[in-house]
Amino acid sequence: MLEEAFVEVYTKFKLNFYRGIFARLNERESSLSASEAFAIEVIYALNGPTISQFADFLQISLPNATYKVNILIKKGYIEKLNSLTDRREYHLRVTPKFHDYYAINQNYITTVMKRIEERFTEKETKHLEIMLSIISRELMPESEDHL
């Protein structure tokens, strides 16, 4: 029952996000393909990765990663910044254009959080926050190294 409830919540977040993405795909000349949308989500989640780190995380070749990155740069969703420690290395950073795109997801999260605060007591909400932190930090170690 817990697993079903979790999958249901996770699926609803994904579906809302995908609906927003596809609505925007039809609106813009420089829209993102589904593959590009997922790639930029990874870059954002990895918080300034190098192209090599991006490729390693997705387990794709460096040329393939470079190709994806160059498309996202051309479309204005990310930029390359020189590393402060090694001038030969670049880090990928999302642009304000990405944040406009990402607002689809963030707005829904904000809406759901407000509903949680209205529906549950402060103590219940705090307990949910603690549980989610434990889940993220302790029970999902596969992703912790990359965040």
Side-chain angles (χ1 to χ4, degrees), residues 1-81 83 90-147:
M1 182 94 161
L2 174 61
E3 183 176 343
E4 290 172 8
F6 183 85
V7 169
E8 184 178 338
V9 168
Y10 177 65
T11 300
K12 286 181 178 183
F13 274 113
K14 286 191 306 183
L15 286 174
N16 185 74
F17 184 58
Y18 297 156
R19 178 178 39 215
I21 288 174
F22 281 98
R24 286 190 142 192
L25 288 178
N26 297 325
E27 291 176 7
R28 298 185 176 186
E29 237 176 75
S30 62
S31 65
L32 298 171
S33 70
S35 174
E36 293 162 355
F38 291 130
I40 196 167
E41 286 281 322
V42 169
I43 291 167
Y44 178 65
L46 293 177
N47 196 24
T50 64
I51 294 176
S52 293
Q53 290 168 331
F54 170 65
D56 288 346
F57 181 81
L58 290 180
Q59 299 178 345
I60 60 175
S61 70
L62 191 56
N64 189 1
T66 301
Y67 174 77
K68 288 180 185 314
V69 164
N70 287 337
I71 288 173
L72 292 170
I73 290 171
K74 184 178 177 183
K75 290 186 176 186
Y77 287 96
I78 62 171
E79 59 188 354
K80 290 194 307 189
L81 301 172
S83 170
Y90 291 93
H91 288 270
L92 306 174
R93 182 174 73 178
V94 297
T95 64
K97 185 174 182 177
F98 166 78
H99 288 289
D100 290 343
Y101 151 85
Y102 195 69
I104 300 164
N105 197 38
Q106 192 57 50
N107 290 342
Y108 188 61
I109 290 171
T110 300
T111 298
V112 173
M113 292 302 109
K114 285 180 184 175
R115 290 173 183 163
I116 287 171
E117 290 171 352
E118 290 169 3
R119 169 64 175 84
F120 298 104
T121 66
E122 188 176 332
K123 183 178 179 181
E124 290 170 324
T125 302
K126 185 66 179 171
H127 189 66
L128 176 61
E129 179 184 349
I130 291 167
M131 291 177 68
L132 289 172
S133 293
I134 291 169
I135 291 166
S136 177
R137 292 187 186 124
E138 297 177 22
L139 306 180
M140 301 175 85
E142 301 81 7
S143 298
E144 190 63 31
D145 294 342
H146 303 286
L147 300 178

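Everything quoted here is computed from the prediction, not taken from an experiment.
Taking each heavy atom of L92 and I78 in turn, the nearest pair found is CD2-CD1, 4.4 Å. A pairwise comparison of heavy atoms in A39 and K68 identifies CB-CD, 4.5 Å as the closest pair. S136 and M140 make their closest contact through O-CB, 3.8 Å (heavy atoms, listed as atom of the first residue, atom of the second, distance). Residues A55 and S61 approach most closely at CB-O, 4.1 Å, considering heavy atoms. The two atoms that bring H91 and T50 nearest to each other are CE1-CG2, 3.7 Å, heavy atoms only. Closest approach of F54 and L46 over heavy atoms only: CA-CD1, 4.3 Å.
For K12, the NZ atom sits in a loose shell: 12 or fewer heavy atoms of surrounding residues, nucleotides or ligands are nearer than 6.0 Å. Summarising the local packing, CZ of F13 is surrounded by more than 12 heavy atoms from other residues, nucleotides or ligands at distances under 6.0 Å. No more than 12 heavy-atom neighbours from other residues, nucleotides or ligands sit within 6.0 angstrom of CE on M131. No more than 12 heavy atoms of other residues, nucleotides or ligands sit less than 6.0 Å from atom OH of Y90. More than 12 heavy atoms of other residues, nucleotides or ligands shown are found within 6.0 angstrom of NE2 on H99.
Between atom OH of residue Y67 and atom CD1 of residue I60 there is a gap of 12.0 Å, rounded to the nearest 0.5 Å. We find the CZ-CG distance between R137 and L132 to be 10.5 Å, quoted to the nearest 0.5 Å.
Put simply, the side chain of I43 reaches to within 4.5 Å of the side chain of L72, judged on heavy atoms.
Side chain of T125 to backbone of E117: no donor-acceptor contact under 3.5 angstrom is found. Proximity of a side-chain donor or acceptor of K97 to a complementary backbone N or O of K75 within less than 3.5 Å is detected. Judged by distance alone, the side chain of N70 and the main-chain N or O of T66 form a donor-acceptor pair under 3.5 Å. Judged by distance alone, the side chain of T111 and the main-chain N or O of N107 form a donor-acceptor pair under 3.5 Å.
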Derivation and outcome, salt bridge (charged side-chain N to carboxylate O under 4.0 Å, His left out), residues K126 and E129:
CA-CA 5 Å; K126 185 66 179 171; E129 179 184 349; 3.6 Å; yes

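For the ring-ring contact (aromatic ring centres under 6.0 Å, His included) criterion with Y44, the lone passing option out of F98, Y77, F38 is F98.
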